[in-house]
2 protein chains.
Amino acid sequence: MPRIRHERFDCSPGCTVEGTLRYIDGKWKGVVLYHLLESTLRFNEIRRRIPNCTQRMLTNQLREMEADGLIARKVYAEVPPKVEYSLTQRGKSLEPVVTALKAWGDANVTIDPQRSQAAA
Amino acid sequence: MPRIRHERFDCSPGCTVEGTLRYIDGKWKGVVLYHLLESTLRFNEIRRRIPNCTQRMLTNQLREMEADGLIARKVYAEVPPKVEYSLTQRGKSLEPVVTALKAWGDANVTIDPQRSQAAA
DNA sequence: CATGACGGTATCCTTTTCGACACTATGTGC
DNA sequence: GCACATAGTGTCGAAAAGGATACCGTCATG
């Protein structure tokens with residue numbers, strides 16, 4: 001069971017920073033959010049965009065985000081199953097946050113392929 | 001030992017979102033960052049601002065952030081020990097991110113004191 | 001008949017996180 | 001002599017996160 005994160009926002013008063021963090025934290029949520037900001041996607045479309053994320057993890061993250069009201073899950077009762085994920089209004093409202101994260105990352109985070117390979 | 005987080009940024013190409021997340025993730029980093037944006041603080045000053053964070057955790061988080069080049073640690077060789085923490089340039093550059101996180105949180109995160117108490 | 005795509009579950013196991021608690025050194029005040 | 005404040009460190013253990021792998025049903029294709 002995914003277990004809802006953010007059970008305790010008991011940081012100092014006024015600290016909604018942590019609260020927000022709890023929503024977008026979780027190994028792959030940032031990326032998922034980022035991709036869904038661009039377009040609605042099917043399960044395996046997301047999967048292909050994040051090759052290092054296992055199926056189980058992706059399901060978990062999506063479920064948590066759904067529970068948090070960030071994304072909407074639409075199931076088509078077709079015979080090759082079809083499920084589409086999209087952002088809710090609430091999810092879309094995270095855009096400035098994701099944008100800020102990406103902007104800082106682009107400027108400050110060095111993605112070193114060598115190191116990534118070495119670590120793997 | 002704190003163990004450096006962000007060892008693998010191996011998400012999909014262009015995803016520096018996750019990369020940034022790895023820097024500000026970690027239970028109390030958001031709050032610490034937030035408080036240090038306001039002013040330089042001593043160890044116990046931070047501690048008093050985040051009562052729910054244990055001493056050990058705070059030390060760990062501060063150490064990680066220092067290793068990440070986000071904060072500077074200045075030790076005064078006085079006899080009641082005195083250590084001041086402040087943001088580096090890199091740390092300060094996170095301000096838009098923290099601001100975005102806080103803005104979204106203020107609008108979307110309900111800090112329910114009842115629930116916090118109950119959980120505690 | 002076997003294989004693959006689809007969108008998942010279930011189970012197992014390892015790693016990481018984090019909280020509790022005790023302990024350190026030094027100097028000051030009582 | 002004792003407690004207190006400062007800024008930590010060390011150890012322990014529970015819980016959570018996350019990775020690996022196998023499995024499900026259905027339909028189409030080869």
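- Side chain of A:Glu84 to backbone of A:Leu41: no donor-acceptor contact under 3.5 angstrom is found.
- Residue B:Pro80 is classed as having no contact, given no heavy-atom separation below 4.0 Å to the nucleic acid.
- Comparing D:dT6, D:dG8, D:dT26 by their closest approach to the side chain of B:Tyr85 singles out D:dG8.
- For residues 63-108 of chain B, every residue pair satisfying the ring pair (Phe, Tyr, Trp, His ring centres under 6.0 Å) rule, not counting sequence neighbours, is listed here: A:Tyr23-B:Trp104.
- Listed candidates were C:dC6, C:dG19, D:dT6. Nearest to the side chain of B:Thr54 is C:dG19.
- Contact annotation for A:Tyr76: no contact, since no heavy-atom pair falls under 4.0 Å across all strands.
- The nearest whole Å value for the distance from the CG atom in A:Leu62 to the P atom in C:dG7 is 11 Å.
- Atom pair B:Glu66:CD and D:dA7:P shows a separation of 15 Å (rounding to whole Å applied).
- Residue B:Ser86 holds its OG atom at 7.0 Å from NZ of B:Lys92, rounded to the nearest 0.5 Å.
- Considering only side-chain atoms of B:Lys27, the nucleotide from D:dT9, C:dG19, C:dC6 that sits closest is C:dG19.
- When each of C:dG8, D:dG25, D:dA7 is scored by its nearest atom to the side-chain atoms of B:Arg42, the top-ranked nucleotide is D:dA7.
- The base of D:dG8 has none of its N or O atoms less than 3.5 Å from a complementary donor or acceptor on the side chain of B:Arg56.
- Taking 4.0 angstrom as the limit, A:Trp28 places none of its side-chain polar atoms (N or O) nearer than this to OP1 or OP2 of D:dA17.
- Closest approach to the A:Gln61 side chain among C:dG7, D:dC27, D:dG18 is made by D:dG18 (side chain taken as heavy atoms from C-beta onward).
- Listed nucleotides: D:dG18, D:dT9, C:dG7. Nearest to the side chain of B:Arg63: D:dT9.
- Between the side chain of A:Thr20 and the main chain of B:Lys102, no donor-acceptor pair closer than 3.5 Å is present.
- You'll find that the side chain of B:Thr59 is closest to D:dG8, out of D:dG19, D:dG8, C:dG19.
- When distances run from any side-chain atom of A:Met57 to the nucleotides D:dA7, D:dG19, C:dG19, the shortest one goes to D:dG19.
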